[in-house]
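Single-structure report; data block below.
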Amino acid sequence: MIRTGVFVGSFNPFTVGHDSVVTRVLPLFDRLVIGVVGDQVHKPDMLSAEERIKAIADLYQDIPAIEVKAYYGLAVDFARAENAHFIVKGVRSVKDFEYEREQADINRSLSGIETILLYAEPQLSSISSTMVRELQHFGVDVTPYLPKR
């Protein structure tokens, strides 16, 4: 049986915090599918799903266990379509924890699919896509917050 997990989000942009989650969770799975929200999400300066997918796929192009795909609708439906047994989410704070715990409960009740919450590394706990976008808006160099390979 292939152990598959999905890591879902808008990833606008994909940060060093997201990369940390992928790197740390990858040993748990034979296959990790990074699901990029493809729906029209109401976020400022949203790159297209294709642009976000390409950036993430380029980052992991040498790791065959990682696939990057758009998804539409519920994360739990995407997980089922990918034959995943787990949804992976990163947690930076108590606020994130409460939100993700509620989502995990609903997802489990809808599908039986469990959620793995991975805590942010302390030095990354303040990094968010929103923060990166805001810094970009004000002309700040955000390369320290974006993963490189």
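Not measured: the values here are computed from a predicted model. Each residue takes its place number in the sequence, starting with 1. These values consider heavy atoms only, across backbone and side chains, with no hydrogens, waters or symmetry-generated copies.
L28 and I34 fall within a single hydrophobic cluster, where Ile, Leu, Val, Met, Phe, Trp and Tyr are joined by side-chain heavy atoms under 4.5 Å apart, directly or via other members. V132 and F14 are members of different hydrophobic clusters when ILVMFWY side chains are connected at heavy-atom separations under 4.5 Å. Side-chain heavy atoms closer than 4.5 Å link hydrophobic residues (I, L, V, M, F, W, Y) into clusters, and following such links, even through other members, never connects L47 to L146. Under the 4.5 Å side-chain heavy-atom criterion for ILVMFWY residues, a single connected hydrophobic cluster contains both I113 and V37.
Here the straight-line distance linking atom CG of L26 with atom CD1 of I63 works out to 6.0 Å at 0.5 Å rounding. A distance of 10.0 Å separates CD1 of I127 from CD of E121, quoted to the nearest 0.5 Å. Rounding to the nearest 0.5 Å places CD of Q103 at 10.0 Å from CG of L110. For the atom pair CZ (F7) and CD1 (I116), the distance works out to 12.0 Å, reported to the nearest 0.5 Å. Rounding to the nearest 0.5 Å places NZ of K95 at 12.0 Å from CD of E100. Here the straight-line distance linking atom CG of L32 with atom CD1 of I66 works out to 5.5 Å at 0.5 Å rounding.
V36 and S10 get closest at one heavy-atom pair: CG1-O, 4.1 Å. Residue A120 comes nearest to S125 through the heavy atom pair CB-CA, 4.0 Å, listed as atom of the first residue, atom of the second, then distance. When all heavy atoms are compared, the tightest approach of V76 to S111 is CG2-OG, 2.8 Å. A pairwise comparison of heavy atoms in V91 and F97 identifies CG1-N, 3.6 Å as the closest pair. Closest approach of S129 and H18 over heavy atoms only: OG-CE1, 3.3 Å. The minimum heavy-atom distance between P147 and L59, with the atom names listed, is CG-CD2, 3.6 Å.
Formation of a donor-acceptor pair under 3.5 Å by the S20 side chain with backbone atoms of V16 is not found in this model.
Put simply, the side chain of N83 does not reach to within 4.5 Å of the side chain of T4, judged on heavy atoms. With a 4.5 Å cut-off on side-chain heavy atoms, F86 and R3 do not count as touching. Put simply, the side chain of R92 does not reach to within 4.5 Å of the side chain of Y119, judged on heavy atoms. For the pair M131 and S126, the minimum side-chain heavy-atom distance is 4.5 Å or more. Residues K69 and I53 fail the side-chain proximity criterion, which asks for heavy atoms closer than 4.5 Å.
Contact check on E50 versus R52 returns no salt bridge, with no Lys/Arg side-chain nitrogen under 4.0 Å from an Asp/Glu carboxylate oxygen. Salt-bridge check for E98 with R101: passed, with a basic side-chain N closer than 4.0 Å to an acidic carboxylate O.
The hydrophobic cluster analysis finds I2 isolated: no Ile, Leu, Val, Met, Phe, Trp or Tyr side chain comes under 4.5 Å of it, directly or through other members.
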*asked:* Applying side-chain contact (heavy atoms from CB on, under 4.5 Å) to V8 and I87, what does each step give before you reach the verdict?
replied: CA-CA 7 Å; V8 294; I87 296 172; 4.2 Å; yes
*Between E82 and R80, is a salt bridge (charged side-chain N to carboxylate O under 4.0 Å, His left out) present by the stated rule, with each step listed?*
CA-CA 5 Å; E82 293 298 325; R80 270 192 279 220; over 6 Å; no
*Y145 and L135: CA distance, side-chain angles, deciding distance, side-chain contact (heavy atoms from CB on, under 4.5 Å) verdict*: CA-CA 10 Å; Y145 308 111; L135 291 174; 3.7 Å; yes
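Residue-environment remark: CD (Q136) exceeds the threshold of 12 foreign heavy atoms within 6.0 Å. Surrounding NZ of K148 are more than 12 heavy atoms belonging to other residues, nucleotides or ligands, all under 6.0 Å away.
When only modelled atom types and interatomic distance are considered, Y60 and D19 share a side-chain donor-acceptor pair under 3.5 Å.
Exactly one residue among V6, N107, L117, L118 makes a side-chain contact (heavy atoms from CB on, under 4.5 Å) with K89. That residue is L117.
Within the structure, salt bridge (charged side-chain N to carboxylate O under 4.0 Å, His left out) contacts touching residues 109-118 (residues at least two apart or in different chains) are R108-E114.
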